[in-house]
Every structure is written in structure tokens, then in C-alpha cells.
Amino acid sequence: MMINQTAATIPAREDCADEQKWNLSDIYPSRKEWQKARDGLPSQFTAIQKEKGRLHHPEALLDCLRKQDEMEITLSSVFAWARMMADTDTANQEYQADAASVMPLLDQAGAAVSFIEPELLSLPDPVLKTMPDALPGLAKYRFRLQELLRTKSHILTPEQEAMLARTGELRSAARNTYTVMVNADLHFPDTLSESGQLVPLSESRYMTFLRSADRRVRKDAFTKLFDTYHKFRNTFASLYQSSVKASQFLAESRHYSTMREAALDANNIPASVYDTAISVTHEFLPELHRYMKLKQKLLHLDAVHMYDLYVPIVERPQTVFTYEKATATLQKALAPLGPAYRNDLFHGLENGWVDRCENQGKRSGAYSWGVYGVHPFVLMSWNNTYESMSTLAHEMGHAMHSFYSSRHQEYTNSEYSIFCAEVASTTNENLLLEYMLRHAQGKERLYYLNLYLEQIRTTVFRQVLFAEFEQITHEAAERGEALTADFLEKNWMELNRLYYGKDVLLDEGLRAEWSRIPHFYRPFYVYQYATGYAAAMALSARLREGSEDARDAYLSYLASGGSDYSIRLLQQAGVDMTSREPFDTTFRKFHECLDDLETSSF
């Protein structure tokens, strides 16, 4: 368990080699150029506002929408440059101040364009329907205007929309307070290390302790982390209830029957997709229970506790994956995507897309950030493990989705939905894991089998549990019930009992786990991890069959951006998320891996 690395062994940002850092000068060559773009945004807001009251003229509408696109491209570039600079060194006060200076501009931008949709919807429906045909330049806005008509009953008057836009900061107050509290104000007691010494415990280190082969280490970290959260149970309950109330305010303001309806309608996702994810997962819970029994047997445990869930059944192979070895492996693993995809991906790897150096002050974790008209960027910290290689495959999946979307779509249709976002990344991840399984032997193969099971457990079973918890809590709020700490803890424990079965011991500390999930402050978001994984499982299976039609359909999907509804785009790619089949495919794979692991020799 590598947790003793000190700041002295981690290089400063300036000591990282250039080839290990992204090239943000592709966005702005200097801070001066960035400031010029940032400071020019208010004049763009003013220019858009001048179109108010004129949108019934096709020429004025085209001018306004073009100005909005130009403003949003500038704003997204300004925000991306500042945020990514800040993420490379969180201790750099200039970087942090630059990022903070952009935040008010986001609300100002929302207010500046808030008149557009209400004004368009004041036009007769037949006029708005034919507006894309009035001028050639308006044709690219056809899907946007179609979507506007679809959601017409949920769009308010210009004055109301402007007022609602100004409540954005208020509605995010609970989430922002939660983030500050967890990241800055919550302090954990020291915990036991494998050497028997007490060492610092933090959120970033917690999973390392939980994967320790030493059960004392796992239990101590689990107990101390959740005991700390539990001390603030009423504060967290109050914050969560405030966040739910903010969602309820927004949903009711926009005339939705429920908060879930409002959240799903943003991407035109049928409620049946959410319900199917839960119902099919329930059908396969006996498989998860079987996995828990196998874990107990192979780890020689008297019983499985919640702090035992993340310890690997098989130790991670000692294979060292340098960046060069990993990229060579990815070349082979991603072969089903074709030579053009691989050439484009590796062009990015060699030309300033990826920031992989672990340096002092760098933000933890990994992400991909697409910048329209430039190229995507990936942040991570490389540590020569399979996990680093898998993370690179995942984030470059996002990056390639953004790259192809930006290349093939006008800005207005370039942004793909959150519902689609995890599909491309997880498809890459699955292609890599399948490749490793085919070429591994002995205990290394058993490790990848177990990894597959853990991916499905944590990304499907666990995220659907989260989704069901959200549904319970939001429905309770809509009935006028208070989301007290007692209520939240009771429902959290009952769901965990249902999902993990009677043979897993629900440790008392688990009662506080709901308060540790930051995604609950983005209502009805987490189910998309499960649907994205299920879609990727179905698509990667088709791609591995080697059909050119399957590959071309998938690449067309990546290039489609947000040019149609998410469900339709995925159907065109070859997967129907309105059916149960993607989840059946996923759980069949879980069953196969479980059978394989059960019959393998340890």
C-alpha cells in the first residue's frame, strides 16, 4: 500500500517534462490573450441583448444565434483555460483567482441569452417550425428549434427566465457548501497503516486503505471515516434537503410534475429507461449475492463486512505499464475501432492533449475537457499501473468523442448529452479489459476477471442503488416529508440490505455513507453511469465481432455530437436503451465472469 509518498518526492510543476504536460497555449498563447478574451465577454453579452424584440425576423434570429454561438465558444474557452490552469497547481493563487473571475460571467451569460427562448416561443408554432427553412444559415439550428417546441410548456416568460437565471447561485448554494465542508473543513483522525503506525486519513487516501490485504487497516479506515461523517449527520441532512428543495423549486417553476421528470426531460429520456435500470438490476441481485459469497470464501473471511467489498480477491499483477508500454497496448486493444480512430487518438497523445505528470498541488483524479475549435484535453497522474492505462483509455474515449463531434458538427450541435457521455469512454475501457483477459494467464487473468466483476458491481449495481435512493428521497420530499438524518439513514440501510443480501454484514458506520456521495447534489445524474456502462457493454461486444457496419455506425455516433436525441443516437449506433437488452448483456457478462472465477484454480 503506497501511501507514504511525501511532497518532497513529488516534483514541482515547473520540473515536469514538457512532453508530460498538456499544451494550453493551443487555447490562448498567453495569460494576456486570455484576459483580453475574458474582458471582451461583457460586450458580447450586450451585442446579444440588442437583438431583443427582433427575433421574428429570420435575419435577426440568425444574427442573434450566431452571436450566441460565438459568445459561448469564447466563454467555454475562457473558462476551460482558467479552470485547467488552476487544476495543474491548486496552490497557485493567481490561477485560482483567474478561475474565480470567470464564475460571475457564467451567470451573466445565462441572463444575457434568457430572452431568446421565450421570445421565440411567442411566435405561432407554424412560424417557428418553418423558421429553419427561411434562410440557409438557419438550417443548422433545426434540431435546437425542434427541441424548443418540444419543451415549450416548460419555458417561462422572458422576465421569469431572466429571474430564474439569476437564482443559479442560490440554487447551487447547498452543493457549494457541501463541497467546501467535505474538502476543506472535514478532518479525519489518523488511521492504522499496514506497518502498524498511525498515518493521516483523507478522502483521497481512503480507497487505498480499503483495498489493503490487512483487514485491520480496512476496518479502521472505514470506521474512522464514517464516524466523522456521522458526527455531522444533521448538517448533511439539512444540506441535502436544501439541495432537493432547490430542485423542487426549479421543477415546479418549469411546470413539471416531478423532479425526476424535469431531470430526464433535459435529454428527452423516457422514465421507463430509469425504471428498467432498477427493475432489471433487481432481477440480477442474486448474482451479486453469489459474488459476495465467493468473495467470503476466497478471502477466507468469517463474514463479509462492508469494509471488505473493495479488497481484490487476487493481488494486482506487478506488471509495470510505462506510458510508452501502455500506449502500445492501447494500439492493439482499440484495433476494433479501426486505423483512422487509432491514428487520431495517438496524434492527440503525442501533441499536447494529455497532462500526466504527478506534480505538487495538482488536482487529484482524472477528466477530459473538450474545447470546441481547438481539441480536447485530458488530466491525470501517471503511476505505471494498469489502472493508469485504463484511465487513459477511458478519458481518451471522452476526448475522441469531443474531437469527432467538434470536427463534424457546428457548435450548436456539438455538445453531446450527459446520457451519452460515459458510453465512448467505457467502450474504450471495455475493449482494453477484454484484450487483457484474452492475453493474460494464471493469476493475472484471475485479476482481470475480478476487475470485470468489480466494474459491474460498482458502476451498475452500486449506481443503480444510488439511483433508487434518489428516487425514494425525492418522492418523499414531493409528498412533503422531511429528509431528516433518521429518514435518510433508514432508507440507505434498507437499500444496502436489499442489494448486498443477508450474508453481508451492514456495519453501523454504513448509515452515514449517503452523506459521502457528492453526486447526490446533481439530481438524477448517477443512473447515467449505469446506463452508459450497459450501452458500452453492448457496443463493445458488437465492435469485437469485427463488423465494418458496426464500426462505422459507432464512429458515426461519435461524430454526431448532440445533433439528435440521445436515445436515437444510441439506436443508430446499435444499442436500444429503451429495451432491457443492454442490461441483460451486462449482467450476463457478470454471470460468465463469476462462473469462470468460481471454477478457476487459486
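Side chains included, hydrogens not; waters and symmetry mates left out as well; all remaining heavy atoms used.
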Verify, without hydrogens or angle tests, whether [X] (side chain) and [Y] (backbone) share a donor-acceptor contact under 3.5 angstrom.
{"X": "S390", "Y": "Y386", "value": "no"}
{"X": "H398", "Y": "A421", "value": "yes"}
{"X": "E422", "Y": "Y529", "value": "no"}

Q: Please step through side chain to side chain contact (heavy atoms under 4.5 Å, CB included) for the pair L225 and E203, ending with a clear verdict.
A: CA-CA 8 Å; L225 183 110; E203 274 288 356; 4.0 Å; yes
Is the [X]-[Y] ring centre distance short of 6.0 angstrom?
{"X": "Y499", "Y": "H282", "answer": "yes"}
{"X": "F236", "Y": "Y229", "answer": "yes"}
{"X": "F79", "Y": "W369", "answer": "yes"}
{"X": "F466", "Y": "W492", "answer": "yes"}
{"X": "H375", "Y": "F377", "answer": "yes"}
{"X": "F403", "Y": "Y341", "answer": "no"}
{"X": "F461", "Y": "F590", "answer": "yes"}
{"X": "F209", "Y": "F222", "answer": "no"}

Side-chain touch [X]/[Y], heavy atoms, less than 4.5 angstrom:
{"X": "M396", "Y": "V354", "result": "yes"}
{"X": "S388", "Y": "W382", "result": "yes"}
{"X": "L379", "Y": "K362", "result": "yes"}
{"X": "F226", "Y": "L510", "result": "no"}
{"X": "M84", "Y": "V371", "result": "yes"}
{"X": "L337", "Y": "M400", "result": "no"}
{"X": "L65", "Y": "T412", "result": "no"}

Q: Go through E387 and T391 one step at a time and tell me if the side-chain hydrogen bond (donor to acceptor under 3.5 Å, both in side chains) criterion holds.
A: CA-CA 6 Å; E387 285 75 16; T391 296; over 6 Å; no
Heavy-atom pair with the smallest gap, counting every atom of [X] and [Y]:
{"X": "C420", "Y": "S566", "answer": "SG-CB, 3.6 Å"}
{"X": "S153", "Y": "H255", "answer": "O-CD2, 3.6 Å"}
{"X": "Q241", "Y": "L483", "answer": "OE1-N, 2.6 Å"}

Quiz question: by atom type and distance under 3.5 Å, do the side chains of [X] and [Y] form a donor-acceptor pair?
{"X": "Y178", "Y": "S243", "value": "no"}
{"X": "T484", "Y": "D486", "value": "no"}
{"X": "Q463", "Y": "H519", "value": "no"}
{"X": "D507", "Y": "Y307", "value": "no"}
{"X": "N267", "Y": "Y416", "value": "no"}
{"X": "Y527", "Y": "E470", "value": "no"}
{"X": "Q455", "Y": "Y533", "value": "yes"}
{"X": "S76", "Y": "E72", "value": "no"}
{"X": "Y141", "Y": "E410", "value": "no"}
{"X": "E454", "Y": "Y291", "value": "yes"}
{"X": "T458", "Y": "R462", "value": "no"}

Residues 179-188 side chain polar contacts: donor-acceptor under 3.5 Å, at least two apart:
from	atom 1	to	atom 2	distance (Å)
T179	OG1	R175	O	2.9
N183	ND2	T179	O	3.1

Q: Tell me, please, whether Y310 has R457 positioned over its six-membered ring: NZ or CZ under 6.0 Å from the ring centre and within 45 degrees of its axis?
A: yes
**Q.** Cation-pi geometry met for R260 and Y274 (6.0 Å, 45°)
**A.** yes
One thing to verify: whether [Y] and [X] come together as a salt bridge, which I'm taking to mean a side-chain N less than 4.0 angstrom from a carboxylate O.
{"X": "E117", "Y": "K152", "result": "no"}
{"X": "R497", "Y": "E494", "result": "no"}
{"X": "R83", "Y": "D87", "result": "yes"}

Drop me the distance from [X]'s [atom1] to [Y]'s [atom2], to the nearest 0.5 angstrom.
{"X": "N496", "Y": "N491", "atom1": "CG", "atom2": "CG", "result": "11.0 Å"}
{"X": "Q572", "Y": "I567", "atom1": "CD", "atom2": "CD1", "result": "11.5 Å"}
{"X": "T426", "Y": "L433", "atom1": "OG1", "atom2": "CG", "result": "11.5 Å"}
{"X": "M163", "Y": "S253", "atom1": "CE", "atom2": "OG", "result": "11.5 Å"}

Might you confirm whether atom [atom1] of [X] has over 12 heavy atoms from other residues, nucleotides or ligands at distances under 6.0 Å?
{"X": "E169", "atom1": "CD", "result": "no"}
{"X": "E415", "atom1": "CD", "result": "no"}
{"X": "K231", "atom1": "NZ", "result": "no"}

Q.
Going by salt bridge (charged side-chain N to carboxylate O under 4.0 Å, His left out), name the residues that satisfy it together with R580, two or more places apart in sequence or in a different chain.
A. E283, D584
(Q) Working note: Y557 + H401, criterion side chain to side chain contact (heavy atoms under 4.5 Å, CB included); need CA distance, chi angles, decisive distance, verdict. (A) CA-CA 9 Å; Y557 161 74; H401 198 176; 3.9 Å; yes
